[in-house]
Amino acid sequence: MSGGACSIVWFRRDLRVEDNPALAAGVRAGAVVAVFIWAPEEEGHFCPGRVSRWWLKHSLAHLDSSLRSLGTCLVTKRSTDSVSSLLEVVKSTGATQLFFNHLYDPISLVRDHRAKEVLAAHGIAVRSFNADLLYEPWNVNDDQGGPFTTFAAFWEKCLSMPYDPEAPLLPPKRIISGNVSTCPSDRLVFEDESEKGSNALLARAWSPGWSNADKALTAFITGPLIEYSKNRRKADSATTSFLSPHLHFGEVSVRKVFNLVRNKQFLWANEGNKAGEESVNLFLKSIGLREYSRYLSFNHPYSHERPLLGHLKFFPWVVDGGYFKAWRQGRTGYPLVDAGMRELWATGWLHDRIRVVVSSFFVKVLQLPWRWGMKYFWDTLLDADLESDALGWQYISGTLPDGREFDRIDNPQFEGYKFDPHGEYVRRWLPELARLPTDWIHHPWNAPESVLQAAGIELGSNYPLPIVGIDAAKARLQEALSRMWQQEASSRAAIENGTEEGLGDSSESAPFAFPQDTQMEENLEPARNNAPATTRRYEDQMVPSMTSSLVGGEQEETSSDLRTFAEHSRAEVPRNVNINQEPRRDTLNQGIPQTVRNNNTFPQFNFPMGVGNAEDSTAESSTSSSRRERDGGVVPVWSPPAPSYSEQFIGDENGIGASSSYLQRHPQSHQIVNWRHLSQTG
DNA sequence: ATCATGTTCTT
DNA sequence: AGAACATGA
């Protein structure tokens with residue numbers, strides 16, 4: 001490459017200068033134009049939520065100042081189409097190369113593939129790198145060369161790969177700036193006036209930015225890491241790494257984390273420190289889960305909206321806006337669940353254990369569609385991460401081969417005494433229960449009247465009775481599961497009869513294919529026929545798959561040029577997909593004021609939209625406004641997920657695609673046996 | 001030691 | 001729920 005070349009380094013979720021392969025490549029190649037493109041419309045309904053945008057704003061400012069101290073700056077562009085913005089930057093700077101780091105969510109896979117094609121067509125040399133994972137998904141294979149379908153096997157393989165993850169790169173000493181004088185930055189707006197107040201509180205607890213991420217990493221490794229194993233079950237302990245938002249935005253390299261942590265492991269192993277070693281294994285496992293979430297997303301790009309086990313699409317979710325709202329507001333009557341939801345509401349943060357508790361309650365007790373819960377997490381979590389959250393919710397929902405059994409309900413009362421034995425966590429987040437003795441703190445409904453009175457609690461008035469009893473939930477769950485199996489069986493029969501062959505009439509299966517969306521739309525527009533004729537529009541597309549990526553050609557696995565890998569891995573990504581197109585948006589947006597619906601207004605998905613009838617503004621005027629002061633913060637606004645772009649990936653509504661091959665690869669899956677049994681007895 | 005019972009973990 | 005592990009008489 002010629003010394004005078006100018007390259008664009010496209011920053012996305014790799015907001016760091018240290019161990020950033022794309023940046024390093026740009027610096028090596030000559031002059032650098034560092035670019036960040038803010039195109040929230042491209043993300044569909046997974047446009048970042050309020051707290052996430054707050055983080056992004058500060059992280060970008062931090063990155064910009066780092067780049068300035070190195071000799072350049074961060075060019076920011078507001079866009080509705082990243083690829084055209086890249087082209088504009090190319091034209092205005094005269095750059096001849098583009099470097100960026102890989103992402104693995106479905107939107108990025110498609111967009112980045114298109115970016116490569118379009119820019120290459122304009123004569124730009126494009127190279128992309130692994131900066132987010134220990135190993136690229138297509139390099140981690142089982143003995144047959146296929147993708148793993150369980151986490152344990154996947155992680156075991158990662159830890160025993162024949163070659164180590166790349167060693168972290170140092171930050172560049174100096175960056176030669178490309179000519180950006182003719183390439184003005186757009187001012188990016190990440191928060192509106194109504195959000196500023198609540199965001200102000202975030203700065204007290206968090207410091208976005210790559211060098212702060214680095215400090216957080218050091219603090220964790222030299223501090224809480226050694227006791228990680230011992231402390232991990234405490235609901236409100238400050239003993240986690242708190243790295244997840246940093247990791248989400250790529251402020252710290254996971255390879256650096258891995259390296260430093262493993263060094264500690266060797267140290268402690270030599271010292272015979274058993275607890276320390278176990279702590280490291282446990283912490284690395286959580287890093288492994290993050291890896292696995294990317295792996296899963298790459299191999300199953302629709303996994304954030306479709307159950308990986310196909311039969312789950314027949315589950316009759318309870319579509320109840322009232323339940324959903326009670327859950328969001330922390331008014332379910334189960335103190336541990338409610339405390340968690342209030343904490344999430346107020347801080348954008350939840351201990352992993354509590355995430356499991358509240359999401360499990362959501363799916364198993366309330367039986368609300370998991371995608372709603374996932375979307376709410378997306379909108380409210382500071383570390384909202386599509387891949388990780390999809391993995392988490394699929395795990396909880398029993399839709400993974402190695403996930404939890406669906407028919408198991410955890411009892412929040414018992415979990416309460418496990419994770420919060422003295423009730424301190426509950427008392428912190430539920431002031432109305434503050435005076436309740438520990439004996440009753442996790443099951444106030446059993447407390448004697450005298451105790452409640454002394455604690456100033458009137459159940460049903462200042463604290464709710466359980467919204468659903470555990471026994472009732474169990475019964476309803478059994479019934480729902482047997483209904484699910486019936487539906488699955490009749491669908492299977494229909495397929496075998498040939499009535500569902502190929503791309504034929506989808507009206508048989510559609511009502512069950514996406515109950516959550518269907519019902520959601522019914523809420524908004526009850527009369528609507530819910531068998532959309534448009535769902536088969538992308539039937540010719542296949543998902544990116546590791547298998548096919550390897551078929552494409554033999555690669556030396558240690559090749560330092562990852563471009564060829566990436567090319568092959570993306571070979572089957574849909575080409576002609578218009579990300580911005582959401583076929584059923586019009587229907588979904590029924591009843592939303594035109595000004596809000598307008599695509600040009602600031603992130604539409606965080607405007608109050610309500611959830612349908614149950615939150616109709618006339619019905620509950622005091623609480624329906626979606627925004628309400630509480631604990632000094634603005635209540636996160638939730639909006640229903642739009643019908644999704646997954647239809648662009650999936651040609652097959654009947655689970656014949658990846659999800660059923662998933663099943664075929666796991667005939668031994670115990671869940672499946674259980675559920676079969678269930679459907680026969682139920 | 002053996003067999004009970006209890007505890008923890010499952011992505 | 002069930003395995004795998006721990007504790008204890």
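- Although no hydrogens or angles enter the test, the distance criterion places a donor-acceptor pair under 3.5 Å between the side chain of A:W378 and the main chain of A:C47.
- Atoms CZ (A:R404) and P (C:dA3) sit 17 Å apart, rounded to a whole Å.
- B:dT8 atom P lies 12 Å from atom CD of A:E278, rounded to whole Å.
- Atom pair A:Y228:OH and B:dC9:P shows a separation of 12 Å (rounding to whole Å applied).
- A:L481 has its CG atom 14 Å from the C1' atom of C:dA1, to the nearest Å.
- The interatomic distance linking A:I409 (CD1) with B:dT10 (C1') rounds to 18 Å, in whole Å.
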ask   = So A:Y295 and A:Y104, ring-ring contact (aromatic ring centres under 6.0 Å, His included) or not? Walk me through it.
value = CA-CA 8 Å; A:Y295 188 80; A:Y104 307 90; over 10 Å; no
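- A distance cut-off of 5.5 Å between ring centres, combined with a plane angle under 30°, places A:Y395 in a stacking arrangement with the base of B:dT11.
- Checking A:Q367 against A:D320 by side-chain atom types alone, no donor-acceptor pair falls below 3.5 Å.
- A cation-pi geometry, defined here as NZ or CZ lying under 6.0 Å from the six-membered ring centre and within 45° of its normal, does not hold between A:R262 and A:F266.
- Counting non-hydrogen atoms under 4.0 angstrom, A:D352 reaches a base of the nucleic acid.
- Going from atom CG of A:D407 over to atom C1' of C:dG2 covers 12 Å, rounded to whole Å.
- Checking C:dA1, B:dT10, B:dT11 against the side-chain heavy atoms of A:E405 singles out C:dA1 as nearest.
- For A:L391 and B:dT10, the CG to P distance is 13 Å, given to the nearest whole Å.
- As a whole-Å value, the separation of A:W155 CH2 from B:dT11 P is 13 Å.
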